[in-house]
Amino acid sequence: MPELPEVETIVRDIRPGLEGQRITSVEVRKADILKRIGRAAFIRGMSGRRIAAVARRAKNVVLELDDGSRAVIQPGMTGSMQVGGRDDTYDVVRWTLSSGKKARYTDVRRLGRIYLFKPPAWQAHDKAIGPEPLDRSFTPAVLLERLRGRKTPVKKAIMDQRRLAGVGNIYASEALWMAGIDPSRPASSVTPEEAERLRDAIVDVLRRSIRGRGTTVRDYRTGTGEPGNFAGRLAVYERAGEPCLRCGTPIAATHGIDARSTYFCYRCQR
DNA sequence: CATGACACCTGCTCGC
DNA sequence: TGCGAGCAGGTGTCAT
């Protein structure tokens with residue numbers, strides 16, 4: 001999916017067009033992405049509400065409404081949001097705003113989800129997600145604690161949203177390469193020194209990607225409908241066979257970890 | 001509790 | 001040109 005940098009980019013792009021707006025009508029074109037709520041209740045719950053704030057939590061876009069409820073939009077593999085722009089065949093939900101513009105959630109594969117939570121429910125949902133890697137409080141000790149006692153491969157562990165928020169398949173490969181850690185190693189084998197390198201790598205790659213407006217490999221679009229610019233700056237992802245930028249050894253690829261593509265350097269990552 | 005298989009969807013690319 | 005297989009950045013559920 002859009003991982004943290006991509007969702008952050010979308011949020012920054014759509015925020016100015018959404019905050020302070022009142023939702024005058026809601027059109028749900030495909031109800032299968034609504035979770036734990038039906039189409040009618042979703043429309044009723046959002047219509048007439050003012051959008052007080054737009055935020056990101058992990059890989060979710062969060063719309064905070066003036067009645068204390070929150071729409072949580074999880075773009076899945078191919079979801080994105082825009083305010084304005086042309087209607088798209090794959091638009092799933094369209095919100096008409098008091099400005100006269102339309103906000104749209106577009107998702108070709110519809111693996112995304114949208115929730116509309118009332119106060120007790122959104123806190124619970126939020127609490128189930130791990131720490132934000134770009135918060136100051138995300139220290140090596142916090143990362144180490146999150147990896148402790150887990151035999152699962154470290155790559156899978158850092159992609160687990162309950163352990164750590166926002167890292168997905170692309171940035172997991174990138175950060176582990178930067179930190180020189182073999183992605184298949186048990187999470188519990190990561191030393192304090194390695195945790196420090198890994199924390200730094202995660203923070204660095206996410207920040208740099210946000211600066212580049214995210215990574216477009218195939219489908220991802222920013223909140224202005226354009227591709228991100230970070231793909232060309234990836235060190236290992238989708239670079240199988242090409243030389244490692246550090247040592248020149250051809251980059252290896254495997255599907256052996258959680259049946260997801262993983263890219264790494266045999267020589268640099270131990 | 002951990003792990004793996006599978007499911008949810010559609011579109012694109014590749015090989016025959 | 002056509003067609004099926006395999007693959008794609010995420011995550012929830014179920015069986016073991």
With sugar-phosphate meaning primed atoms plus P, OP1 and OP2, does [X] contact a base, only sugar-phosphate, or nothing at under 4.0 Å between heavy atoms?
X	result
A:Asp32	sugar-phosphate
A:Tyr90	sugar-phosphate
A:Val108	sugar-phosphate
A:Lys151	sugar-phosphate
A:Thr215	base

Nearest-Å distance, [atom1] ([X]) to [atom2] ([N])?
X	N	atom1	atom2	value
A:Ile158	C:dG10	CD1	C1'	15 Å
A:Leu4	C:dG9	CG	C1'	13 Å
A:Ile73	C:dG10	CD1	P	18 Å
A:Tyr220	B:dT10	OH	P	24 Å
A:Asp258	B:dA7	CG	C1'	14 Å
A:Ile114	C:dT11	CD1	C1'	16 Å
A:Met77	C:dG9	CE	C1'	6 Å
A:Glu238	C:dG9	CD	P	7 Å

Open item on the list: In whole Å, measure the gap between the P atoms of C:dC3 and B:dC9 for me.
Closed with: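 Approximately 25 Å lies between the P atom of C:dC3 and that of B:dC9.
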TODO: Sorted by first residue and then second, give each side-chain hydrogen bond (donor to acceptor under 3.5 Å, both in side chains) pair with at least one member in residues 29-48 of chain A; sequence neighbours left out.
DONE: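 For residues 29-48 of chain A: A:Asp32-A:Arg110.
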If you measure from the Lys or Arg side-chain nitrogens to the Asp or Glu carboxylate oxygens, is any gap between [X] and [Y] under 4.0 Å?
X	Y	value
A:Arg260	A:Asp258	no
A:Arg104	A:Asp91	yes
A:Arg109	A:Asp219	no

Check whether any side-chain N or O of [X] sits under 4.0 Å from OP1 or OP2 of [N], and answer yes or no.
X	N	result
A:Thr216	C:dG9	no
A:Thr152	B:dA2	no
A:Lys59	C:dT11	yes
A:His255	C:dA8	yes
A:Tyr237	C:dG9	yes
A:Arg260	C:dG10	yes
A:Arg110	B:dT10	yes

Open item on the list: Closest-nucleotide mapping onto DNA chain C: is A:Arg109 or A:Arg113 further toward the 5' terminus? I mean the 5' end.
Closed with: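 Counting from the 5' end, the first nearest nucleotide belongs to A:Arg109.
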- [ ] Once you apply the 3.5 Å cut-off to both distances, tell me the Watson-Crick or G-U wobble partner of C:dG9, or none.
- [x]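 Looking at the geometry, C:dG9 pairs with no nucleotide.
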- [ ] Counting Watson-Crick and G-U wobble pairs only, both distances under 3.5 Å, name the nucleotide matched with B:dC9, or none.
- [x]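 In the structure as shown, B:dC9 has no Watson-Crick or wobble partner.
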- [ ] Report the relative orientation of the aromatic rings in A:His125 and A:Tyr115; use parallel for angles under 30°, tilted for 30 to 60°, perpendicular for over 60°.
- [x]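 Rings of A:His125 and A:Tyr115: tilted, 30 to 60°.
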Open item on the list: Let's see if you can work this out: which of B:dC8, C:dG9, C:dG12 has an atom nearest to the side-chain heavy atoms of A:Tyr115?
Closed with: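 Nearest to the side chain of A:Tyr115 among the choices is C:dG12.
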Task: Cation-pi geometry met for A:Arg246 and A:Trp177 (6.0 Å, 45°) - done: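 Yes; both conditions hold, so A:Arg246 lies above the ring face of A:Trp177.
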